[in-house]
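To start, the structure under review is shown below, and the notes come after it.
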Amino acid sequence: NKDRKALLACGDKGTVKEVSFEGEITKDIWTKRSDVEGITVNPSTGDIYIAVERAQEIHRLSGETESEPVITVQEAAEGRFGNDGLEAVEFYKDDMVFVGSQRGSTLWKYSLDGEMISKISLSSFASEIAGLCYDPEADLLWVTDSEIFKIFLCTTEGELLATYDVPFIENAESICVDRSRDCVWVGSDEDSSKIYKIDFKF
């Protein structure tokens with residue numbers, strides 16, 4: 001969250017919650033029937049943005065049950081990506097976000113006013129983009145791939161720098177780099193949803 005005192009978690013049945021670092025749900029933020037697959041926060045404003053897969057849209061939360069679409073990923077919408085579409089959204093900088101999809105391991109950069117800035121594919125090493133995290137301190141991007149049980153570290157232009165195997169995570173669909181706690185948090189979309197804490201030396 002904005003003050004970095006808790007994690008934000010979303011569910012594909014249409015929920016957004018705040019979760020403590022001990023794994024307890026501490027706050028219900030938003031609930032609406034919707035296929036929510038990714039979540040991010042603008043660290044300057046605290047605004048929360050979610051990736052809505054079947055609509056292929058990025059929404060800004062504006063209330064406990066309301067959300068405002070701010071970006072439509074036209075390629076995914078017009079190409080009918082369906083349940084193979086948007087999986088991740090991550091705030092970048094200068095009012096821009098990264099958006100990732102399963103199909104084509106596609107990584108778009110969009111401005112929050114809906115303009116597409118760039119598009120690349122990570123298919124040379126990733127089978128999908130399931131989760132994204134931008135590390136502003138290193139200016140690098142972390143990517144989860146739940147199909148092949150890996151986490152990738154790459155530049156914002158998509159150059160692969162490192163690969164980490166996570167065979168113990170059933171369905172790694174989100175990631176959060178936490179330098180202050182020397183760890184990486186990974187969310188797994190399982191029957192009993194889990195958040196893994198992986199110690200990491202940066």
Side-chain angles (χ1 to χ4, degrees), residues 1 6-25 28-41 48-59 73 76 81-91 97-108 121-135 140-154 158 160 162-178 181 183-200:
N1 62 4
L7 296 167
L8 296 177
C10 64
D12 55 16
K13 303 301 183 190
T15 58
V16 172
K17 299 178 184 292
E18 192 173 85
V19 181
S20 74
F21 297 116
E22 293 71 42
E24 300 294 326
I25 295 172
D28 288 314
I29 295 174
W30 181 87
T31 303
K32 184 179 181 181
R33 186 178 175 131
S34 186
D35 187 12
V36 182
E37 295 285 349
I39 187 167
T40 193
V41 63
I48 297 171
Y49 295 86
I50 56 175
V52 183
E53 183 170 33
R54 293 183 189 276
Q56 317 304 341
E57 295 175 340
I58 305 301
H59 289 214
V73 179
F81 280 26
N83 198 39
D84 207 21
L86 305 192
E87 284 286 313
V89 59
E90 175 67 2
F91 190 84
V97 293
F98 287 108
V99 181
S101 78
Q102 289 180 290
R103 186 183 299 182
S105 304
T106 308
L107 180 70
W108 296 273
S121 173
L122 306 185
S123 60
S124 63
F125 56 87
S127 68
E128 65 165 0
I129 296 175
L132 289 171
C133 182
Y134 173 67
D135 179 2
L140 295 175
L141 199 59
W142 294 70
V143 181
T144 61
D145 188 327
S146 64
E147 295 291 331
I148 56 176
F149 308 99
K150 294 185 185 296
I151 295 172
F152 302 108
L153 179 63
C154 62
L160 180 63
T163 301
Y164 305 98
D165 293 318
V166 285
F168 52 89
I169 302 179
E170 183 178 321
N171 195 6
E173 291 206 339
S174 65
I175 185 166
C176 177
V177 173
D178 190 347
R181 294 171 183 81
C183 72
V184 175
W185 303 93
V186 180
S188 183
D189 183 10
E190 308 174 19
D191 288 338
S192 56
S193 301
K194 298 176 182 177
I195 298 175
Y196 290 80
K197 179 184 179 184
I198 303 172
D199 293 336
F200 196 92

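- The side-chain heavy atoms of Ser146 and Asp189, taken from C-beta on, include no pair separated by under 4.5 Å.
- In this structure, Phe98 has its ring center no closer than 6.0 Å to that of Phe91.
- Side-chain atoms of Val36 and Thr15, non-hydrogen and from C-beta on, never get closer than 4.5 Å to each other.
- Annotation: side chain of Leu122 is in contact with side chain of Ile129 (closest heavy-atom distance under 4.5 Å).
- From Phe21, atom CZ reaches atom CZ of Arg181 across 3.5 Å, with rounding to the nearest 0.5 Å.
- Side-chain contact between Val99 and Thr106 is absent, with no heavy-atom pair separated by less than 4.5 Å.
- Here the straight-line distance linking atom CD of Glu37 with atom CG of Asn83 works out to 7.0 Å at 0.5 Å rounding.
- Of all non-hydrogen atoms in Ser123 and Ser105, the two that sit nearest each other are N-CB, 3.8 Å.
- For the atom pair Phe81 CZ and Glu87 CD, the distance stands at 12.5 Å (nearest 0.5 Å).
- The list of salt bridge (charged side-chain N to carboxylate O under 4.0 Å, His left out) pairs with a residue in residues 164-174, not counting sequence neighbours, reads Lys150-Asp165.
- The side-chain heavy atoms of Ile58 and Val52, taken from C-beta on, include no pair separated by under 4.5 Å.
- Separation of atoms CG (Leu140) and OH (Tyr134) is listed at 8.0 Å; rounding is to 0.5 Å.
- With hydrogens and angles disregarded, no donor-acceptor distance shorter than 3.5 Å links the side chain of Ser101 to the backbone of Leu86.
- Residues forming a side-chain contact (heavy atoms from CB on, under 4.5 Å) with Lys197 (at least two apart in sequence, or on another chain): Cys183, Trp185, Asp199.
- Gln102 is listed as a side-chain neighbour of Glu53, based on a closest heavy-atom distance under 4.5 Å.
- Looking at residues two or more places apart in sequence or on another chain, you find a side-chain contact (heavy atoms from CB on, under 4.5 Å) between Cys133 and Glu90, Trp142, Ile175, Val177.
- Evaluation of the side-chain contact (heavy atoms from CB on, under 4.5 Å) rule for Ala172 yields Thr144, Ile169, Val186 as partners, not counting sequence neighbours.
- With rounding to the nearest 0.5 Å, the separation of OG in Ser127 from CD1 in Ile148 is 4.5 Å.
- Side chains of Ile48 and Ile29 form a contact here, defined as non-hydrogen atoms less than 4.5 Å apart.
- Remark: Ala6 engages Asn1, Glu18 in a side-chain contact (heavy atoms from CB on, under 4.5 Å) (not counting sequence neighbours).
- Cys176 and Leu7 get closest at one heavy-atom pair: SG-CD2, 4.2 Å.
- Taking 4.5 Å as the limit, some side-chain heavy atom of Leu8 sits within range of a side-chain heavy atom of Val41.
- Residues meeting the side-chain hydrogen bond (donor to acceptor under 3.5 Å, both in side chains) test with Ser188, sequence neighbours left out: Glu190.
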